[in-house]
**Q** 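Can you read through this structure? Questions will come right after.
From a predicted model like this one, the values you see are computed outputs, not experimental measurements.
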Amino acid sequence: MGRDVPALTFTREDRRRYRVKMQQCLDALAQMLRESRFEAERPQVGLEIELNLVDDRAEPAMRNTDALEAIADPAWDTELGRFNLEINIAPRRLTEGGPDAWESEIRSALNHAEERARSIGTHLIMTGVLPTLRHEDVGEGALSENPRYRLLNDQIFAARGEDLHIEVTGIDRLRTYADTITPEAACTSTQFHLQVDPEDFAAYWNAAQAIAGVQVALAANSPFLFGKELWHETRIPLFEQATDTRPEEIKVQGVRPRVWFGERWITSVFDLFEENLRYFPALLPLCDDQDPAETLLRGDVPELGELTLHNGTIYRWNRPVYAVSRDKPHVRVENRVLPAGPTVADTLANGAFYYGLTRALVEEERPVWSRMSFSAAEDNLRTAARYGIDARLYWPGMGEVPAAELVLRRLLPLAHRGLELSGMDDAWREPLLGIIEQRCVTGRNGAVWQKEMFHHIDATAHCGRHEALRRMTQQYIDYMHLNAPVHTWPVE
């Protein structure tokens with residue numbers, strides 16, 4: 001939900017008008033799809049990275065407003081927690097500018113932001129969950145100042161009617177309650193965007209769903225929360241629980257959660273927006289003045305403001321996005337399953353694997369989603385979140401196999417093929433996908449390094465759990481700035 005919204009309360013009339021406007025937006029979208037009004041000739045990719053702010057001791061720093069003022073760059077914005085920031089990297093063609101162009105752009109932006117943040121005594125860290133975060137750091141006072149977060153918080157709890165229950169069992173067990181949605185701020189992610197022709201959207205979304213578990217297994221980077229050692233990608237169950245509008249009685253009735261994998265393969269982007277309207281009541285029923293039907297009749301492009309705002313409060317792991325750029329509408333897949341970090345090099349390797357593999361799967365004569373149940377893809381995501389690179393995942397024709405074996409034997413060659421089809425030559429592909437290969441060979445990703453480093457410090461320094469996590473986090477930050485892929489990080 002990136003839009004700024006005012007602080008207000010909603011009436012029953014507001015909700016009625018909003019439902020009517022959403023249906024009008026949905027009708028307009030259907031018309032635009034029938035008439036092929038979408039930008040499809042210059043498909044682009046995009047990237048969002050959420051980061052945490054820490055102080056000199058690697059403890060959370062509640063200063064995102066000050067940091068934004070110091071950075072002074074419109075590409076940066078607040079996130080839910082005062083210890084969060086987000087950067088939006090400008091969209092581009094996948095192969096634009098040569099093999100080092102995107103990495104140079106991202107590193108330059110992050111280095112500038114780190115330099116400015118350091119001037120006020122804070123630092124940036126890319127990780128799925130900040131290891132030094134304590135439960136007391138995510139109370140009501142940790143909500144960012146923008147009114148949209150307070151409004152979202154109030155609406156979720158109004159719908160829920162009771163405190164949030166958060167429970168995750170891994171090596172340790174976490175069981176707690178929260179009276180705000182601020183625990184969600186502990187989840188910091190990398191979001192890859194892929195603009196596609198609407199005719200191809202369903203295939204790309206289905207492909208992204210099919211590989212979500214594989215992505216998480218390879219890139220897990222969130223093993224600690226509130227001092228507990230939990231899942232390899234604890235961010236997944238935490239995000240599901242921290243934005244759940246359903247009390248227990250509603251859950252057992254089969255009402256869908258707002259953090260949602262989905263329930264079926266699709267045939268059109270329209271399917272997802274229609275599900276949004278059918279299954280989910282509005283959290284933020286704010287109407288604008290634009291009539292989408294009249295806008296189309298004039299030959300102009302509607303913003304579909306109500307449809308997009310509603311879509312922004314439904315947190316699919318692969319989310320459809322409708323947007324207007326340069327007076328032309330487009331649709332894209334927003335891939336949201338991955339944690340942030342550990343490095344820019346790891347991030348771009350994850351992106352190369354995702355973009356290449358989805359392209360190759362879409363090009364297959366017999367699509368993987370025609371040979372794999374939707375529930376198997378969902379089970380893969382949950383298994384990968386729990387066990388990371390050690391997970392055993394299902395894949396058609398192979399059965400249940402170790403994630404690393406699946407990638408090395410079947411999926412990495414496909415990712416190479418997909419990038420080749422996208423115009424990326426060997427000299428560019430090899431370094432990026434080589435990082436993925438070495439993660440599989442070594443069995444090491446961000447979650448594995450964090451766990452090993454924490455236990456090494458805990459066993460040798462005898463300094464207490466939080467202090468061991470703090471020292472591990474400081475070492476993580478040092479290695480992050482070196483930009484060496486995480487599978488090469490030593491434990492010492």
Side-chain angles (χ1 to χ4, degrees), residues 45-51 87 89 92 94-95 99-100 102-103 105-107 110 125-129 187-194 204 207-222 232-233 235-236 317-318 333-361 380-381 384-385 388-389 391 393 403-404 406-408 411-412 414-416 418-419 422 424 428-450 476 479-480 483-489:
V45 298
L47 174 64
E48 299 174 63
I49 304 173
E50 298 168 352
L51 302 98
I87 182 171
I89 305 297
R92 60 188 292 119
L94 182 60
T95 56
D100 300 322
W102 211 16
E103 180 171 359
E105 178 185 347
I106 297 167
R107 290 194 69 190
L110 293 177
I125 175 173
M126 295 192 299
T127 184
V129 174
C187 306
T188 40
S189 66
T190 298
Q191 296 152 29
F192 290 111
H193 290 252
L194 177 61
Y204 275 98
Q209 292 285 97
I211 67 168
V214 179
Q215 287 182 275
V216 169
L218 287 172
N221 195 31
S222 314
H232 283 238
E233 190 49 38
R235 184 183 124 268
I236 297 287
W317 292 115
N318 284 291
V333 180
E334 181 188 10
N335 179 248
R336 301 165 50 82
V337 297
L338 292 183
T343 66
V344 174
D346 287 299
T347 299
L348 291 181
N350 294 338
F353 182 76
Y354 168 70
Y355 291 128
L357 184 53
T358 52
R359 173 68 185 269
L361 292 176
N380 278 351
L381 176 61
I389 205 163
L393 305 177
L406 170 60
V407 172
L408 291 172
L411 302 186
L412 201 57
L414 285 175
H416 273 284
L419 292 179
S422 300
M424 192 178 290
W428 192 343
R429 295 196 313 269
E430 289 292 346
L432 291 169
L433 294 182
I435 292 173
I436 301 297
E437 180 182 23
Q438 287 305 305
R439 269 193 229 153
C440 293
V441 169
T442 61
R444 300 180 62 76
N445 58 16
V448 171
W449 182 89
Q450 286 193 45
Y476 180 107
Y479 288 149
M480 179 188 75
N483 200 38
V486 70
H487 70 267
T488 68
W489 291 8

**Q** For the residue pair V448 and G443, what are the closest heavy atoms and their distance?
**A**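 Minimum heavy-atom separation between V448 and G443: CG2-O, 3.7 Å.
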**Q** Examine distances only and state if a side-chain atom of T190 and a backbone atom of P339 form a donor-acceptor pair shorter than 3.5 Å.
**A**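 Checking the backbone N and O of P339 against the side chain of T190, a donor-acceptor pair under 3.5 Å is found.
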**Q** L412 vs L357, test: side-chain contact (heavy atoms from CB on, under 4.5 Å). Steps then yes/no.
**A** CA-CA 8 Å; L412 201 57; L357 184 53; over 6 Å; no
**Q** Report the residue from V333, V337, N318, T347 that forms a side-chain contact (heavy atoms from CB on, under 4.5 Å) with F192.
**A**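 Option passing the side-chain contact (heavy atoms from CB on, under 4.5 Å) with F192: T347.
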**Q** As an exercise, state the distance from OH of Y479 to OG1 of T488, rounded to the nearest 0.5 Å.
**A**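 Result: 9.0 Å between the selected atoms.
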**Q** Tell me every residue that passes side-chain contact (heavy atoms from CB on, under 4.5 Å) with A210, counting only those two or more places apart in sequence or in another chain.
**A** W265, V368, M372
**Q** Hey, what do you get for CG (L110) to CD1 (I49), rounding to the nearest 0.5 Å?
**A** 5.5 Å
**Q** Side chains of I87 and L51: does their closest heavy-atom pair fall under 4.5 Å?
**A** yes
**Q** Can you list everything that forms a salt bridge (charged side-chain N to carboxylate O under 4.0 Å, His left out) with E103? Sequence neighbours excluded, please.
**A** none
**Q** Would the distance check show the side chain of E233 and the main-chain N or O of N221 forming a donor-acceptor pair, the cut-off being under 3.5 Å?
**A**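 Answer holds: yes.
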**Q** Check the pair V486, I435 against side-chain contact (heavy atoms from CB on, under 4.5 Å), reporting the backbone distance first and the verdict last.
**A** CA-CA 9 Å; V486 70; I435 292 173; over 6 Å; no
**Q** Return the CG to CH2 distance between L433 and W428, rounded to the nearest 0.5 Å.
**A** 12.0 Å
**Q** Assess the residue pair I106 and L348 against the criterion (side-chain contact (heavy atoms from CB on, under 4.5 Å)); give the C-alpha distance rounded to whole Å, side-chain angles, the decisive distance to 0.1 Å, and a yes or no.
**A** CA-CA 10 Å; I106 297 167; L348 291 181; 3.8 Å; yes
**Q** What pairs with T343 under side-chain contact (heavy atoms from CB on, under 4.5 Å), at least two apart in sequence or on another chain?
**A**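 In terms of side-chain contact (heavy atoms from CB on, under 4.5 Å), with neighbours along the sequence ignored, T343 is linked to A345, D346, N483, W489.
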**Q** If the plane angle is over 60° it's perpendicular, under 30° parallel, otherwise tilted; pick one for Y355 and W102.
**A** tilted
**Q** Could you give the distance from CG (D100) to CD (E105), rounded to the nearest 0.5 Å?
**A** 13.0 Å
**Q** The criterion is side chain to side chain donor-acceptor pair (under 3.5 Å); which residues satisfy it with T358, sequence neighbours excluded?
**A** none
**Q** Please report the C-alpha distance between L361 and L414 in whole Å, then the side-chain angles of each, then the deciding distance to 0.1 Å, and finally whether the side-chain contact (heavy atoms from CB on, under 4.5 Å) criterion is met.
**A** CA-CA 8 Å; L361 292 176; L414 285 175; 4.0 Å; yes
**Q** Once side chain to side chain donor-acceptor pair (under 3.5 Å) is applied, do any residues pair with E50, and if so which ones, sequence neighbours excluded?
**A**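 If we apply the side chain to side chain donor-acceptor pair (under 3.5 Å) test to E50, skipping adjacent residues, the hits are S189, Q191.
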**Q** Once ring-ring contact (aromatic ring centres under 6.0 Å, His included) is applied, do any residues pair with Y354, and if so which ones, sequence neighbours excluded?
**A** none
**Q** Does R444 have any salt bridge (charged side-chain N to carboxylate O under 4.0 Å, His left out) partners at least two apart in sequence or in another chain, and if so, which?
**A**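 Per chain and number, R444 pairs via salt bridge (charged side-chain N to carboxylate O under 4.0 Å, His left out) with E452.
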**Q** Out of I389, I436, T442, which residue meets the side-chain contact (heavy atoms from CB on, under 4.5 Å) rule with H487?
**A**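 Only one of I389, I436, T442 forms a side-chain contact (heavy atoms from CB on, under 4.5 Å) with H487, namely T442.
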**Q** Checking C187 now: which residues fulfil side-chain contact (heavy atoms from CB on, under 4.5 Å) with it, not counting sequence neighbours?
**A**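 Counting only residues at least two positions away or on another chain, C187 forms a side-chain contact (heavy atoms from CB on, under 4.5 Å) with R235, L238, F239.
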**Q** Go through the structure and list residues passing side chain to side chain donor-acceptor pair (under 3.5 Å) with H416, not counting sequence neighbours.
**A**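 R429.
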**Q** Not counting sequence neighbours, which residues clear side chain to side chain donor-acceptor pair (under 3.5 Å) with R336? List them please.
**A**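 Scan of R336 (side chain to side chain donor-acceptor pair (under 3.5 Å), adjacent residues dropped) gives E334.
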**Q** Residues in side-chain contact (heavy atoms from CB on, under 4.5 Å) with A447, at least two apart?
**A** A220, P223, H232, N445
**Q** Enumerate the salt bridge (Lys or Arg N to Asp or Glu O under 4.0 Å) contacts for residues 208-219, please, sequence neighbours excluded, ordered by first and then second residue.
**A** none
**Q** Can you spot which of Q215, H193, Q209 makes a side-chain hydrogen bond (donor to acceptor under 3.5 Å, both in side chains) with N335?
**A** Q215
**Q** Using 0.5 Å steps for rounding, measure from the CG atom of L94 to the OG atom of S422.
**A**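 Between atom CG of L94 and atom OG of S422 there are 5.5 Å.
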